[in-house]
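Worksheet for the structure shown next.
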Amino acid sequence: MTDNTNINKINSYENTRRKEEMKHQVITFVLMIAFTLIAFLVVAAELSRTFVIPFILLLAVVQVGFQFYYFMHMKDKGHEIISSLIFGGIWIAAVTVLTFTTIIWW
Amino acid sequence: MSQDHSLNLKNSHEDPAKATMEGKNKFLGLWFFLGGETVLFASFFATYLSLRESTAGGPTSQELFGLELVFIMTVLLLTSSLTSVYAIYHMKNNNFKKMQLWFGITALLGIAFLACEIYEFAHYIIEYEFTFRSSAFGSAFYTLVGFHGGHVVFGLSWLISLMVRNAKRGLSLYNAPKYNTFAIYWHFIDVVWVFIFTVVYLMGMVS
């Protein structure tokens with residue numbers, strides 16, 4: 001009996017925590033949609049290329065950060081190994097893109 | 001967790017996807033895979049960035065791309081990412097029916113995205129005669145965007161088989177990790193798309 005009430009207490013605490021988390025995720029989603037809109041509007045406005053390209057790339061990086069940390073839970077505990085895997089991948093990705101683009105340019 | 005309710009979610013307050021060793025291993029395995037996927041897409045992106053000006057007299061990215069359709073596709077995929085977050089939320093609350101409902105919505109949004117992509121490719125081929133063989137730009141474009149589309153197709157088949165196979169089983173510690181790994185994979189597809197719409201479409205529109 002006492003066991004059950006304890007579990008119920010834990011469950012109701014967990015439920016509130018999950019609701020809170022869900023709220024953060026909806027906010028994340030709204031921000032991602034807003035970032036997407038801004039990126040499309042900046043391109044549609046035909047501003048100068050030197051501003052637009054770094055700006056939309058920055059928006060993409062922030063959006064991907066939201067995906068990884070909020071939607072894919074990388075901000076939670078116990079994601080240390082996983083972070084090293086994905087950052088390893090991102091590092092190789094960055095080097096590959098850099099190599100290819102510079103080889104073609106020079 | 002003791003043996004007698006090892007597959008019963010009711011007495012568990014842990015994340016059902018990571019309550020068993022099998023679940024933990026699946027989770028780790030999926031992230032290993034995603035690390036590799038990042039490298040795979042990196043080489044496609046790098047190739048595309050190097051070859052996107054090599055149009056061989058064929059259509060250029062400025063002539064081809066339209067903002068409206070890409071924006072609709074982005075919103076569809078982003079929303080499907082959120083609906084799978086809702087599904088996982090219901091999984092953690094042990095609500096199987098609502099989880100299936102939200103994953104069902106995710107699948108529908110994924111199918112809508114795919115339909116837009118097929119329309120887009122057909123439009124390029126029929127109206128502009130822009131194919132895989134038109135130019136180096138064509139090959140790089142269809143490889144990168146098509147491979148992402150292939151990932152969507154694979155994700156949809158994965159999700160639909162999961163939903164059908166487990167429809168009458170209900171949620172357990174056995175199948176919760178399966179749904180969870182799918183949800184993470186689906187978010188990753190969205191991550192790749194964020195870079196595709198920025199690097200391929202938006203940067204391709206900027207002259």
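Computed from a predicted structure; not experimentally measured. In what follows, every chain begins at residue 1, and chains take the letters A, B, ... in the order their sequences are listed.
- Heavy atoms closer than 4.5 Å to chain B are found in both the backbone and the side chain of A:A44.
- Separating the CG atom in B:L202 from the CD1 atom in A:I56 is a distance of 4.5 Å, to the nearest 0.5 Å.
- Aromatic ring pairs are classed by plane angle as parallel below 30°, tilted from 30° to 60° and perpendicular above 60°; the pair A:H79 and B:W31 is perpendicular.
- Chain A forms the most heavy-atom pairs under 4.5 Å with one residue out of B:G35, B:G36, B:S50, and that residue is B:S50.
- Interface check for chain A: of the options B:L34, B:T79, B:L78, B:L40, the most heavy-atom pairs under 4.5 Å are formed by B:L78.
- Contact annotation for B:F71: both backbone and side-chain heavy atoms come within less than 4.5 Å of a heavy atom of chain A.
- Of all the listed residues (A:E46, A:Q67, A:K19), the one sharing the greatest number of non-hydrogen pairs under 4.5 Å with chain B is A:Q67.
- At most 12 non-hydrogen atoms from other residues, nucleotides or ligands lie less than 6.0 angstrom from NZ of B:K98.
- Of the listed residues A:I82, A:V42, A:L47, the one with more heavy-atom pairs under 4.5 angstrom with chain B than any other is A:I82.
- Neither the backbone nor the side chain of B:Y48 comes within contact range of chain A; no heavy atom of the residue lies under 4.5 Å from a heavy atom of that chain.
- A centroid separation of less than 6.0 Å is found between the aromatic rings of A:F40 and B:F197.
- Counting heavy-atom pairs under 4.5 Å between each of B:L28, B:I88, B:N93, B:V75 and chain A puts B:N93 at the top.
- Side-chain contact between B:Y86 and A:V26 is present, with at least one heavy-atom pair separated by less than 4.5 Å.
- Closest approach of A:T96 and B:S43 over heavy atoms only: CG2-CA, 4.1 Å.
- Within a 6.0 Å sphere centred on CZ of B:R133, heavy atoms belonging to other residues, nucleotides or ligands number 12 at most.
- In this structure, CG on A:L98 lies 11.0 Å from CG on B:L49, to the nearest 0.5 angstrom.
- Within the 4.5 Å cutoff, side-chain heavy atoms of A:I86 are placed close to those of B:T38.
- Each of A:V52, A:T28, A:L37 has some count of heavy-atom pairs under 4.5 Å with chain B, and the biggest count is that of A:L37.
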(Q) Please determine whether side-chain contact (heavy atoms from CB on, under 4.5 Å) holds for the pair A:M32 and B:V194, giving the CA-CA distance in whole Å, both sets of side-chain angles, and the decisive distance to 0.1 Å. (A) CA-CA 10 Å; A:M32 288 200 296; B:V194 169; over 6 Å; no
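- When the candidates B:S84, B:S81, B:A183, B:A46 are compared by the number of heavy-atom contacts under 4.5 Å with chain A, B:A46 comes out ahead.
- Between B:L82 and A:F71, the closest side-chain pair of non-hydrogen atoms falls below 4.5 Å.
- The distance from the CE atom of B:M203 to the CZ atom of A:R49 is 7.0 Å, given to the nearest 0.5 Å.
- In this structure, OH in B:Y89 is found 7.0 Å from CG in A:N15, a value given to the nearest 0.5 Å.
- Only the side chain of B:T74 comes within contact range of chain A, with at least one heavy atom under 4.5 Å from a heavy atom of that chain.
- Between chain A and the residues B:V39, B:I184, B:T47, B:L67, the largest count of heavy-atom pairs under 4.5 Å involves B:L67.
- For chain B, the nearby part of A:I81 is the side chain; its heavy atoms alone come within less than 4.5 Å.
- Of the atoms belonging to B:V70, heavy atoms from both backbone and side chain fall under 4.5 Å from chain A.
- Of the listed residues A:V43, A:V61, A:I33, the one with more heavy-atom pairs under 4.5 angstrom with chain B than any other is A:V43.
- Chain B forms more heavy-atom pairs under 4.5 Å with one residue of A:Q25, A:Q63, A:M72 than with any other, namely A:M72.
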Q.
For a ring pair (Phe, Tyr, Trp, His ring centres under 6.0 Å) check, start with the C-alpha distance between B:F27 and A:H73, then their side-chain angles and the critical distance, and finish with the verdict.
A. CA-CA 12 Å; B:F27 179 70; A:H73 297 278; 9.0 Å; no
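- A:I53 CD1 to B:T198 OG1: the interatomic distance, rounded to the nearest 0.5 Å, is 11.0 Å.
- Looking only at heavy-atom pairs under 4.5 Å with chain A, the residue among B:F45, B:F32, B:F41 that has the most is B:F32.
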